[in-house]
Amino acid sequence: MLGLPLIRSNPELVIQKLARKHFDARPVVEQVLQHDSERRAGQTRRDQLLAQVNQLSRQVGQLMAQGRKAEADELKQQSTALKQQVQDLEHQLQQQEAIIHELLVRLPNLPADAVPDGKTAADNVVVRSGGTMPQLSQHALPHWDLAAHYGLIDFEAGNKVTGAGFPFYCGAGARLQRALINFFLDQAVAAGYTEYEPPLLVNADTAFGTGQLPDKDQQMYYVNADELYLIPTAEVPLTNIYRDVIVEEQDLPIKLTAYSACFRREAGSYGKDVRGLNRLHQFDKVEIVRIDHPERSYSALEEMVDQVERLVQQLELPYRIIKLCGGDMSFASALTYDVEVYCGAQQRWLEVSSISNFETFQSLRMKLRYRDKSGKTHPAHTLNGSALALPRIVATLLENNQGPEGIRLPACLHPYAGFDTIR
RNA sequence: GGAGAGAUGGCAGAGUGGUUGAAUGCGGCAGACUCGAAAUCUGUUGUCCUGGGUUUCCGGGACCGGGGGUUCGAAUCCCUCUCUCUCCGCCA
């Protein structure tokens, strides 16, 4: 969420920047300002009254110690009279704080200045691209046909056992999953990220901290009996390790990585978008998370993009890196790069990674701060990215590398898979 | 799942109604000693909200797991929730 001091000191800037995300912030900002000034006035009054109460209580204590009970009783009555006022003010303050919080939580993050103008995905900007486009024959098959032909993925069994979007990987297909996960994790560790294995279920505070709650609750699977959410990405548990934490400035950056299964309800998706591996309810992903100093967070973002770029290069896939425009960015992000790979048989670009700087948006929600040399605390910047999400990588590897002898794997995967071609 | 114990500042650990934001120790920071370090000594050391001055300043308030209550006054008493530990049961 945005910080109250920012809104207080520069409401027009907030409104203006959120307009670039095509969000009309004016009504919310104005309400925030009004409730905030009322709240502060209320607090001042409450604090004054409480100071009196505290004063009286101290005097009562002294009088009692001296055995001057009658005088003490008189002061007690004065204090009791103040108490009702304090309680009323207290109640008002709590209400006001709740309202302000509700309002603040509805405001998206401000886009960075580097974010391109635009409303939809069509306005995104291709930053750079690489790799060579596959030369496939007319008879090239989409990955779902290839997966069936080589016995790599059993969609039907998944449908029966769970439902659509929960496939089984089998044989070389399962082995390929494991190979990719290990390759990605090894690469992340080599880049200085500490490997974690996170819980797959998280509580509501955690889901709130990274911004999944309250607005994206329909995208998460929810376990009623225990009030827990299945994670849509390892970002959620990883970043929340640092919820309510103050880190020392010299300990930044903090770099975390984890493999996890990810669960998404994907309500509202349909058609070719959900065919085969294109969009699943459960999928595997290696995530990288970084907590960094505000001055360094944008160079950190570039580093993370480079890291992901090296992965798709090693996988020998044609790719492009895209900077999302204001209208296409997520609620919590200040700047997002997507990495897409070209999937030859389907003849379409598929998003395999999304790398974002959230600046202080998540930190303010989860009270993640760092302490500078002078001892002051400031919200840290948080970033994360997929490095990488597996299903669309698998789809693209299968489609682009198909040939008469089978499906070739890129060299980087040979030691991990234990084979170089799927036959 | 059953029974019991507990949750205090970065850590350890006192504190059962009255200047207690909280003893003591460790750690951290600053200073003294030292060529330097160790040891020793001295001082200092939490977070958040808020008023005023407005770079280091001065005040008010809140916070001893979360929430609620009793009281003039609660870390201390009561209720409730969560979590941790020990024992029993079950189990990968």
Using whole Å, what does the distance between atom C1' of nucleotide B:C83 and atom CG of A:Leu228 come to?
14 Å

Is the phosphate of B:G10 approached by A:Arg371 (side-chain N or O, under 4.0 Å from OP1 or OP2)?
no

Against the six-membered ring of A:Tyr150, is A:Arg423 placed for a cation-pi contact (under 6.0 Å from the centre, within 45° of the normal)?
no

From CD of A:Gln84 across to P of B:U71 the rounded distance in Å is 12 Å

Is A:Arg392 salt-bridged to A:Glu340, cutoff N-O under 4.0 Å?
no

Looking at A:Arg26 and A:Glu12, is any side-chain nitrogen of the basic one under 4.0 Å from a carboxylate oxygen of the acidic one?
yes

Any carboxylate oxygen within less than 4.0 angstrom of a Lys/Arg side-chain nitrogen, looking at A:Asp292 and A:Lys255?
no

Taking the basic N atoms (NZ, or NE/NH1/NH2) and the acidic carboxylate oxygens, is any pair closer than 4.0 Å for A:Arg371 and A:Glu249?
no

One character per nucleotide, please: for nucleotides 49-63 of chain B, 5' to 3', B when the base has a protein heavy atom closer than 4.0 Å, S when only the sugar-phosphate does, - otherwise.
BSS--------BSS-

Under 4.0 Å, heavy atom to any atom of RNA chain B: which of residues 201-208 of chain A qualify?
none

Taking atom types as modelled, find out whether A:Thr336 and A:Ser333 have a side-chain donor-acceptor pair closer than 3.5 angstrom.
yes

Verify whether the ring centers belonging to A:His293 and A:Tyr370 lie closer than 6.0 Å.
yes

Under 4.0 angstrom, heavy atoms only, what part of the nucleic acid is A:Lys83 near: base, sugar-phosphate, or nothing?
base

When all nucleic acid strands are considered with a 4.0 Å heavy-atom cut-off, which category describes A:Ser57: base, sugar-phosphate, or nothing?
base

Applying a 4.0 Å non-hydrogen cut-off, can you work out what A:Ser374 is touching in the nucleic acid: base, sugar-phosphate, or nothing?
nothing

